[in-house]
Amino acid sequence: MTLLEYLRLSGRAGTKEGCGDGDCGACTVAIVGEGADGQPHYQAVNSCLIPLGAVVGRQVLTADGITQCTIPKDAFVKEPVTIDKLHPVQSAMVETGGSQCGYCTPGFIMSLFAAYYDGTPDDLSVEGNLCRCTGYLPIRRAARMVAEAAPQDRFAEQLGASSTALLPFAYMTDNNGHSERFYRPTQLAEVLDLLQQHPDATLVAGGTDLGLEMSWHRQHYPILISLEAIAELKQVQHTEASVEIGAAVPLSHIEANLHGIFPAMDEMIHWFAARQVRNRATLGGNIGTASPIGDLPPVLLALDATLKLAGPSGDRTLPLANFFTGYRQTELQPGEVIVSVQIPRGWTAASDRRLTQSYKIGKRGTDDISIVAAAFVVDVDSSNTILHARLGYGGVAATPARATEVEAFLVGKPWNAETIQAAKPLLKEAFTPLTDLRGSADYRKLLVVNLFEKFFVEFP
């Protein structure tokens, strides 16, 4: 069961179900979680994508629970008296006329609610919410109305007293012959033990991919093992040579704490999805699902990332380029877990500058599946000769892949228009993409070529 299903079945029907796949934001709620600064924050999330077990021990707030209710039962009040006072973001939405049919409104309210206590209510705070009738101008006015506020209410006090520690949890039941188990251990060793006991278990971290299968495809998962509380998987380690990012680090943390280190990653995370998804989605999950249209694998391939894996036979490292073996297939052995991703920081020896960027082509700007994603890294020396080239792509093959033959062709040649023109025929034949609803094979082949040429134009 997803959090959204639970809320609606338990009578908390103010939270709406729209698309069921994290695109429209109608189901947005706020949970108290650890922010990128290590402090508790209200985080907007898509309740349609979160398995219910993932919020055990967490504070969850919905649009119909953020009114200011006072006067509890005491010696003078025989029965509790409820006085509804709209939250400031709710009042702002009313005053600006930001709600028409009202269906999307609870999601907008909760996105603005989370941003209100972060001091960031703006257009980006509602980028994951769709409005189909009112139009965005009054909603933007509502965000501006509360932008300068310094919240000092019971929700601010509640947040200040909150803990983000996730305690171990296990749930087991037999429902109409369907056995269900949910485990949330706190040690990596426990995860490995559980995988030995339950080799068919499904691992879940942020749940943004698995939640889609639960919500949209009604997929049943008899045994889930959550990685969200594993401290070993949530570390970010910096050295002069590399950055090591834990597999369970949310993308919103990477976005905030690693900004400027890997520009291609900065760009792709910006277009990856809306804030609700980035608050939950993890780096390890984006790799482990082995989707050919995952947004970050092309970037990591271009950056020569290496995976650290842990299993019953011990730890091992594996270049990401060797990880994907087929459609949704990887080199992960039974009982193994992705622990971290290590990304080198240095340039090629004797290089004078590094050129790097990533691109995502989709039908919408953010929060959409890629038609083609690409990431490039080119190191050149003082004479503009190419010393190192990495061209990573997604959406053009059964797995994320590099254009290795084109990379070899580029090395040793000058970084100029003539070299790019000579590389274009090779790039056009580097992959054999499929035709689907998002784009034809020919269109994808053109994108493979044109995105690289665009890269050259932007970084001559």
Side-chain angles (χ1 to χ4, degrees), residues 1-3 6 31-43 45 49-60 159 161-173 179-211 214 221-237 244-254 257 278-289 307-316 332-342:
M1 180 179 289
T2 64
L3 173 58
Y6 170 77
I31 64 173
V32 176
E34 184 180 65
D37 59 0
Q39 300 302 310
H41 288 260
Y42 290 120
Q43 297 177 329
V45 297
L49 299 180
I50 301 180
L52 186 58
V55 296
V56 168
R58 289 185 180 274
Q59 296 179 53
V60 181
L159 184 63
S162 297
S163 169
T164 59
L166 293 176
L167 300 177
F169 166 72
Y171 169 84
M172 289 159 277
T173 188
S179 176
E180 296 179 351
R181 296 169 181 251
F182 188 98
Y183 297 97
R184 188 175 68 195
T186 57
Q187 302 292 328
L188 181 57
E190 297 175 70
V191 175
L192 299 180
D193 287 343
L194 285 169
L195 286 173
Q196 290 296 298
Q197 299 171 37
H198 308 288
D200 295 329
T202 301
L203 298 175
V204 57
T208 53
D209 192 70
L210 176 137
M214 293 177 65
Y221 294 93
I223 305 174
L224 288 174
I225 301 174
S226 172
L227 305 177
E228 197 173 355
I230 309 298
E232 295 105 310
L233 307 185
K234 300 176 74 173
Q235 306 297 315
V236 177
Q237 305 290 338
E244 186 172 357
I245 308 169
V249 174
L251 299 188
S252 58
H253 291 202
I254 298 173
N257 293 334
R278 295 198 301 270
N279 282 336
R280 293 289 302 170
T282 63
L283 185 60
N286 199 234
I287 296 169
T289 57
L307 302 182
K308 179 180 178 181
L309 311 175
S313 301
D315 297 347
R316 66 184 179 114
L332 272 179
Q333 301 301 307
E336 276 193 323
V337 176
I338 300 173
V339 175
S340 62
V341 180
Q342 189 176 64

Can you tell if the side chain of L166 reaches within under 4.5 Å of the side chain of T186, non-hydrogen atoms only?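 L166 vs T186: side chains apart.
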[X] and [Y]: which non-hydrogen atoms are nearest, and at how many Å?
X: P40; Y: S162; value: CG-O, 3.9 Å
X: A229; Y: P185; value: CB-O, 3.5 Å
X: D315; Y: K308; value: OD2-CE, 3.8 Å

Pairwise distance [atom1]([X]) to [atom2]([Y]) - rounded to 0.5 angstrom:
X: Q43; Y: T164; atom1: CD; atom2: OG1; value: 9.0 Å
X: L52; Y: L224; atom1: CG; atom2: CG; value: 11.5 Å
X: T208; Y: R278; atom1: OG1; atom2: CZ; value: 12.5 Å
X: T282; Y: L233; atom1: OG1; atom2: CG; value: 9.5 Å
X: M172; Y: E180; atom1: CE; atom2: CD; value: 12.5 Å
X: H253; Y: N279; atom1: NE2; atom2: CG; value: 7.5 Å

Side chain to side chain donor-acceptor pair (under 3.5 Å) involving N286 - partner list, sequence neighbours excluded: none
Under the rule for side chain to side chain donor-acceptor pair (under 3.5 Å), what residues qualify as partners of S340, not counting sequence neighbours?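 Once residues adjacent in sequence are excluded, the partners of S340 under the side chain to side chain donor-acceptor pair (under 3.5 Å) criterion are E244.
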I need the full list of salt bridge (Lys or Arg N to Asp or Glu O under 4.0 Å) pairs touching residues 221-232, with sequence neighbours left out, sorted by first then second residue. R58-E228, E228-R280
For residues 183-193, which residue pairs qualify under salt bridge (Lys or Arg N to Asp or Glu O under 4.0 Å), counting only residues two or more places apart or in two chains?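 Applying salt bridge (Lys or Arg N to Asp or Glu O under 4.0 Å) to every pair that reaches into residues 183-193, excluding sequence neighbours, yields nothing.
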Assess whether side chain to side chain contact (heavy atoms under 4.5 Å, CB included) is satisfied between L307 and I287, documenting all intermediate values. CA-CA 10 Å; L307 302 182; I287 296 169; 4.0 Å; yes
Using the side chain to side chain contact (heavy atoms under 4.5 Å, CB included) rule, pick out the option among V45, L210, T2 that qualifies with I50. V45
Between V236 and N257, is the side chain to side chain contact (heavy atoms under 4.5 Å, CB included) condition met? List the steps. CA-CA 9 Å; V236 177; N257 293 334; over 6 Å; no
Flag if over 12 foreign heavy atoms under 6.0 Å of OH, Y6: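 Counting neighbours around OH of Y6, 12 or fewer heavy atoms of other residues, nucleotides or ligands fall under 6.0 Å, so no.
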Contacts of F182 that satisfy ring-ring contact (aromatic ring centres under 6.0 Å, His included) - sequence neighbours left out: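 By the ring-ring contact (aromatic ring centres under 6.0 Å, His included) rule, F182 matches no residue at all.
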Side chains of residues 194-204: which donor-acceptor partners sit under 3.5 Å, not counting sequence neighbours?
{"residue": "H198", "atom": "NE2", "partner": "Y183", "partner atom": "OH", "Å": "3.3"}

Side chain to side chain contact (heavy atoms under 4.5 Å, CB included) evaluation trace for V249 with L283: CA-CA 6 Å; V249 174; L283 185 60; 5.8 Å; no
